[in-house]
Amino acid sequence: MHDKTLAELTRSLETREFSSRELTQHLLGRIDRLDGKLNSFITVTYDQALAAADAADATRAAGKAGPLTGLPLALKDIFCTRDVKTTAGSRMLDNFVSPYDASVVEKLAAAGTVSLGKNNMDEFAMGSSNENSHYGPVKNPWDLAAVPGGSSGGSAAAVAAGLVPAAIGTDTGGSIRQPAAFCGITGLKPTYGRVSRYGMIAYASSLDQAGPMARSSEDCALLLNAMAGHDLRDSTCVQRGVPDYTEELGTALAGLKIGLPSEYFGDGLDPQVETAVRDAIKVFESLGASVREVSLPHTHYAIPAYYVIAPAEASSNLSRFDGVRFGYRCDNPADLIDLYKRSRAEGFGDEVKRRILIGTHTLSEGFFDAYYKKAQQVRRLIRQDFLDAFEEVDVLMGPASPTPAFDLGANKDPVSMYLQDIYTIAVNLAGIPGMSVPAGFVGSRPVGLQILGSHFTEARLLNVAHQFQQATDWHRQHPAFAEENA
Ligand code: GLN
C-alpha cells in the first residue's frame with residue numbers, strides 16, 4: 001500500500017481493496033516503526049487521522065467520494081492547524097497551538113484528505129538541508145548519511161520512505177523543489193498567488209508559496225486542484241479561475257519548445273547531475289519536443305538579491321515573536337526589554353538570528369536604498385529574463401540543484417549553503433511556477449530535473465512532467481530503506 005500513488009490508492013479505495021482506515025493504520029504503523037531513523041515528523045496525529053479516515057470511509061459508502069476522499073497526506077509544520085501544535089521547526093513555537101486552520105489545511109480537509117501529522121522542517125523555512133530544525137535534522141531515506149534537502153525536508157523524506165503518499169510543502173527559494181530532487185519525488189511550486197498563504201507562517205511574504213509534494217505529477221495535479229483558488233483572507237492570492245489541472249494530462253508533447261538556460265549548465269554543476277539531466281531532455285526530444293539554448297543573463301544576481309529581500313521580509317515578519325503574543329517566553333524577565341531580548345535570544349536558532357540581523361541592517365535608514373531598493377530593481381531584471389525567454393520557448397529545463405543530496409554536516413558555512421539554491425531562487429523572485437521531477441541517480445542519491453513555465457502555466461508543466469513519467473520510471477524507484485522495512 002505504501003508505495004502507491006494517490007491515483008492508485010483511490011482506485012483501491014473504490015474497489016474496496018482496503019478502506020481509508022486500513023490504509024491510515026498501515027501508514028501510522030510505518031511512521032511508528034521507521035520515523036525514529038528519519039525524524040521526518042514533528043507531530044503525528046493518530047486519533048485525528050483515524051477519525052478523518054472513518055469519516056472518509058462513510059462518505060465513500062454514501063456514494064459521495066471525491067478524487068481525494070480518504071487519501072492520507074502530511075503537512076509541513078508551517079501550516080497552522082487548529083488543536084494540533086504548529087512549530088515552524090522553532091523552539092519559539094514549541095508550545096504554539098493555532099486557534100484556526102490555514103486556508104490550505106481547510107481546503108484539503110474539505111476535500112476529504114486524512115492528515116497524518118506535521119513534518120519536520122528548517123526553522124521558519126530557512127535552510128536547504130533541514131539541519132536548522134529545533135527538532136533535529138531529518139535523514140534522507142535514500143542514504144541515511146545524506147540530508148533530505150530543505151526546508152521542506154521532512155515532507156520529502158516522509159513521501160520517499162513510504163510513510164505517506166503525499167505532503168504539502170512551501171517554497172520561498174526552492175524549499176519544495178530541492179528536497180523533492182534530493183529525495184526522488186515530484187514537487188510543484190505554483191505561481192506566486194495561486195495558493196492562499198493564509199495561516200502559513202510567513203518567512204518572506206513576497207516569495208512564499210505552498211505546493212504539493214508527491215510520487216507523480218498526476219498526484220500533484222490532484223492536490224493542486226484542491227489547494228488553488230482565491231481567498232479573501234490573503235490579499236496576494238489572485239482572483240483567477242482554477243482549471244482542472246488533470247485535464248491537460250495526456251496532451252502529446254509534439255511541438256513543445258524547450259529552452260535550456262546556459263547559466264544553469266555552467267561551473268559548479270556536478271557532471272553526473274548534468275548527464276542525468278541531459279539524458280532526461282533527450283527523452284523529451286524522443287517525445288517530439290524541440291530543444292534550444294536560451295540565456296537568463298541576470299541569473300548570477302539571484303542569490304545576492306534573494307539574500308537581501310528574504311531576510312528583510314523575514315526580519316519584519318518575525319518581529320511578532322516577542323515573547324508576549326506567541327510561543328516561547330524566557331523565565332523571570334527583569335523588565336519588558338529583558339523579556340523581549342531573552343525570549344528572542346533563547347527562542348530563535350542561529351540561522352534565523354543571522355537573517356534577522358541581515359534584514360534589519362538592510363532595512364535600516366541609510367542602507368535601504370543601497371540594499372533593499374537595489375535588490376528589488378535587480379529582481380525586476382531577473383523576472384524580465386524569464387519573460388523574454390518565454391517569448392521564445394514554452395518551458396525551461398535544467399537541474400533542480402547543482403549536486404545530489406550532500407552529507408549531513410557537509411555545508412557548515414552559510415554561504416556555501418546559500419549557493420545550493422542557485423537554480424531555484426530566481427524562480428521565486430520572478431513568481432513563476434516550477435517543478436522538480438525524478439530523473440536519475442548519482443550512486444544511490446536521486447537527481448531532480450527542474451521544469452519551469454511562465455506565470456499560471458501549472459497545467460502545462462504538470463502535463464510535461466506527466467508525459468516524462470509515462471516514458472520513464474525514475475519516479476517509481478523506492479529507496480531500499482522503504483522496502484527493507486516494509
Ligand atoms: N534555502 C533557501 C533559504 O534558506 C530557501 C528556503 C525556502 O524556500 N523556504 O532561504
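Note that ligands are numbered from 1 as they come in the structure, with each ligand's atoms numbered from 1 the same way.
- Between Tyr418 and Tyr307, the angle of the ring planes stays under 30°, which puts this pair in the parallel group of the 30/60° scheme.
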* To do: Give the intermediate values and the outcome of side-chain contact (heavy atoms from CB on, under 4.5 Å) for residues Phe284 and Val464.
  => CA-CA 9 Å; Phe284 287 99; Val464 169; 3.5 Å; yes
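- Looking at ligand 1, you'll find an N or O of Ser128 within less than 3.5 Å of one of its N or O atoms.
- With hydrogens and angles left out, the side-chain atoms of Lys76 and Ser155 include no donor and acceptor closer than 3.5 Å.
- The aromatic ring centres of Tyr198 and Tyr100 sit less than 6.0 Å apart.
- Counting only N and O atoms by type, the side chains of Gln420 and Ser129 include no donor and acceptor under 3.5 Å apart.
- Taking every heavy atom of Gly173 and a limit of under 4.0 angstrom, the matching atoms of ligand 1 come to 5 (C), 7 (C), 8 (O).
- No hydrogens or angles considered: a donor-acceptor pair under 3.5 Å links the side chains of Asn411 and Ser416.
- Polar contact check, Asp421 against ligand 1: a nitrogen or oxygen pair lies under 3.5 Å apart.
- Ligand 1 has no atom lying under 4.0 Å from any heavy atom of Glu351.
- Looking from atom 7 (C) of ligand 1 to the surrounding protein, the closest heavy atom is Ser175 OG, 2.4 Å.
- Listed by atom number, the atoms of ligand 1 under 4.0 Å from Ser151 heavy atoms are 9 (N).
- At a heavy-atom distance under 4.0 Å, no atom of Tyr418 approaches ligand 1.
- Looking at Gly174 next to ligand 1, an N or O pair under 3.5 Å apart turns up.
- For ligand 1 and Ala125, the ligand atoms under 4.0 Å from any heavy atom of the residue are 6 (C), 7 (C), 9 (N).
- Residue contacts with ligand 1 leave out Ala310, since none of its heavy atoms falls under 4.0 Å from the ligand.
- Looking only at heavy atoms of the protein, atom 5 (C) of ligand 1 is closest to Tyr306 OH, 3.3 Å.
- The aromatic ring centroids of Phe124 and Phe321 lie less than 6.0 Å from each other.
- Under a 4.0 Å heavy-atom criterion, Tyr307 is in contact with ligand 1.
- Below 4.0 Å from some heavy atom of Met126 lie the following atoms of ligand 1, by number and element: 4 (O).
- Arg278 forms a cation-pi arrangement with Phe265, by the criterion of a distance under 6.0 Å to the ring centre and an angle within 45° of the ring axis.
- A donor and an acceptor atom, one from each side chain of Glu218 and Thr5, are nowhere located under 3.5 Å apart.
- Neither the backbone nor the side chain of Gln209 has any atom closer than 4.0 Å to an atom of ligand 1 (non-hydrogen atoms only).
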